[in-house]
Amino acid sequence: MKIRTAVYPVAGFGTRMLPATKAIPKEMITLIDKPLIQYAVEEAIDAGIERIIFITGRTKKALEDHFDVNVELNNQLELSGKIDILNDMKRISEMVDIIYVRQKYMLGLGNAIMCVKDIVKDEPFAVILPDDIILSKTPAIKQLMECYDKVERPIISLMPVAKNETSKYGIVEIKEMITDKFSRLKDMVEKPVNNPPSNMAIIGRYILTPEVVSALDKIEKGVGGELQLTDALRYTATYHDVYGYEFEGKRFDCGTKEGLLEATINFAASNEKLKNVLKEAVSSLNIL
Ligand code: UTP
């Protein structure tokens with residue numbers, strides 16, 4: 001079955017980015033000139049996704065407004081002849097069909113995914129965590145969708161991490177390599193404190209099937225007292241193949257100050273207009 005829906009769990013509080021995220025959703029933080037969420041939505045559109053579901057919470061109004069029409073702003077832009085900007089504003093509000101679902105209590109990523117059960121029904125769907133921004137030639141989610149077309153099973157995006165970083169991620173155990181990037185998985189553990197099964201970490205792109213959503217009903221709360229998506233995938237892997245794909249691209253964790261800084265520098269370096277500004281700014285620094 002074709003993947004036509006992308007789900008964005010965006011209900012979290014973003015505590016690592018406080019105070020920036022006190023009144024503004026983490027996903028609305030700007031990277032160069034666009035909020036993080038817009039990069040994540042453009043990635044899905046470039047991959048051919050037709051429908052988007054945002055799982056939001058109480059403080060996410062700015063995110064909803066960003067993808068809505070702002071009639072007063074459009075009128076003002078038209079009056080002042082700023083037609084290019086006006087067209088860009090219209091493009092954002094016409095990007096794609098969006099459904100908003102509320103997660104009432106922050107009970108974890110797994111619980112957030114459960115909120116879309118009655119919307120996706122028996123369809124497979126993509127999941128994108130917008131604070132993982134990926135700079136790549138082919139949109140990262142498209143790379144996973146292409147794997148899905150071959151096996152029609154859940155696919156998890158993977159990235160190697162340093163051994164001392166494994167406790168920050170979900171970590172997988174590989175059963176067999178199918179190609180040098182594509183693997184069948186044996187197991188996965190959320191934030192292992194001791195003996196991580198490998199150094200391959202789960203990043204915020206997934207293709208999920210209804211089996212994984214059903215597994216969320218069967219598992220117990222995991223790390224941090226939250227319902228963990230990794231645990232549902234682990235449960236699924238006990239009776240149904242689950243695959244991993246080491247995507248091509250550079251990933252930035254924009255849910256942290258360090259990651260956002262790194263992303264800003266990399267995006268500026270690959271932007272024709274900003275490259276020289278970055279060069280000059282760096283050469284005038286005296287930090288070494
Ligand atoms: P994070 O672990 O990054 O949590 O969630 P967070 O609240 O966004 O940020 P910190 O850790 O407090 O700084 C991973 C993704 O899952 C979503 C978040 O919005 C984020 O996109 N999420 C998490 C939910 O939608 N609901 C939850 O209950 C938990």
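- In this structure, S157 contributes its side chain and R205 its backbone to a donor-acceptor pair below 3.5 Å.
- Taking each heavy atom of D187 and R234 in turn, the nearest pair found is OD1-NE, 2.8 Å.
- With E248 contributing its side chain and S136 its backbone, the two residues share no donor-acceptor pair below 3.5 Å.
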From CA spacing to verdict: side chain to side chain contact (heavy atoms under 4.5 Å, CB included), S214, K218: CA-CA 7 Å; S214 305; K218 297 179 185 117; 3.9 Å; yes

Step-by-step side chain to side chain contact (heavy atoms under 4.5 Å, CB included) determination, S183 to M177: CA-CA 4 Å; S183 53; M177 294 304 299; 3.7 Å; yes

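- Without hydrogens or angle criteria, Y8 side chain to A40 main chain gives a donor-acceptor distance under 3.5 Å.
- Expressed to the nearest 0.5 Å, how far CD1 of I219 lies from CG of L229 amounts to 8.0 Å.
- Side chains of E42 and Q38: a donor-acceptor N/O pair is present below 3.5 angstrom, by distance only.
- Between I53 atom CD1 and D97 atom CG the span is 11.0 Å, to the nearest 0.5 Å.
- In the hydrophobic clustering of ILVMFWY residues, with side-chain heavy atoms under 4.5 Å counting as a link, L77 and V69 come out apart.
- What you find for Y148 and R153 is that their closest heavy atoms are CD1-O, 3.3 Å.
- Residues E211 and T209 bring a donor and an acceptor atom of their side chains to less than 3.5 Å of each other.
- Under a hydrophobic-cluster definition in which Ile, Leu, Val, Met, Phe, Trp and Tyr are linked whenever side-chain heavy atoms come within less than 4.5 Å, directly or via other members, V127 and V242 are assigned to the same cluster.
- In terms of hydrophobic clustering, with Ile, Leu, Val, Met, Phe, Trp and Tyr side chains grouped at heavy-atom distances under 4.5 Å, I203 and I207 are assigned to a common cluster.
- Between the side chain of Q103 and the main chain of C115, no donor-acceptor pair closer than 3.5 Å is present.
- Taking hydrophobic clusters as Ile, Leu, Val, Met, Phe, Trp and Tyr residues chained together by side-chain heavy-atom distances below 4.5 Å, V172 shares a cluster with Y235.
- When atom types are taken as modelled, the side chain of T21 and the backbone of G14 share a donor-acceptor pair closer than 3.5 angstrom.
- Other residues, nucleotides and ligands contribute only 12 or fewer heavy atoms inside 6.0 Å of the NZ atom of K186.
- No hydrogens or angles considered: a donor-acceptor pair under 3.5 Å links the side chains of R51 and T5.
- A 4.5 Å side-chain heavy-atom check between L129 and L109 finds at least one atom pair inside the cut-off.
- Checking side-chain atoms of N266 against main-chain N and O of E262 turns up a donor-acceptor pair under 3.5 Å.
- When all heavy atoms of L260 and T30 are compared, the pair lying nearest together is CD1-O, 4.3 Å.
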Full working for side chain to side chain contact (heavy atoms under 4.5 Å, CB included) between I155 and Y243: CA-CA 5 Å; I155 320 273; Y243 292 83; 4.1 Å; yes

Verdict with supporting geometry, I52 and I98, side chain to side chain contact (heavy atoms under 4.5 Å, CB included): CA-CA 5 Å; I52 277 174; I98 301 180; 4.3 Å; yes

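- Looking only at distances, a side-chain donor or acceptor of Q228 sits under 3.5 Å from a matching main-chain atom of V223.
- Within the model, atoms CG of N74 and NZ of K90 stand 6.5 Å from one another, a figure rounded to the nearest 0.5 Å.
- Note on ring orientation: taking the six-membered ring where Trp is involved, the planes of F67 and F54 are tilted (angle from 30° to 60°).
- To the nearest 0.5 Å, the span separating CG on D149 from CE on M1 amounts to 13.0 Å.
- Aromatic pair Y39/F252: centroids not less than 6.0 angstrom apart.
- The CZ atom of F125 lies 9.0 Å from the CD1 atom of I3; values are rounded to the nearest 0.5 Å.
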Test log, rule salt bridge (charged side-chain N to carboxylate O under 4.0 Å, His left out), inputs E123 and R4: CA-CA 9 Å; E123 279 189 38; R4 58 183 196 104; 3.0 Å; yes

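- Note that the CG atom of L278 and the CG atom of N271 stand 10.0 Å from one another [nearest 0.5 Å].
- With hydrogens and angles ignored, the 3.5 Å screen pairs a side-chain donor or acceptor of K60 with a backbone N or O of V10.
- In this structure, the side chain of E43 engages the main chain of I141 through a donor-acceptor pair within 3.5 Å.
- Taking every heavy atom of both residues into account, E226 and M106 meet most closely at OE2-O, 4.4 Å.
- When all heavy atoms of A232 and V212 are compared, the pair lying nearest together is CB-O, 3.9 Å.
- Under a hydrophobic clustering in which Ile, Leu, Val, Met, Phe, Trp and Tyr are joined whenever their side-chain heavy atoms come within less than 4.5 Å, directly or via other members, I134 and L31 fall into different clusters.
- For I24 against M28, the heavy-atom pair with the smallest separation is CG2-CB, 3.8 Å.
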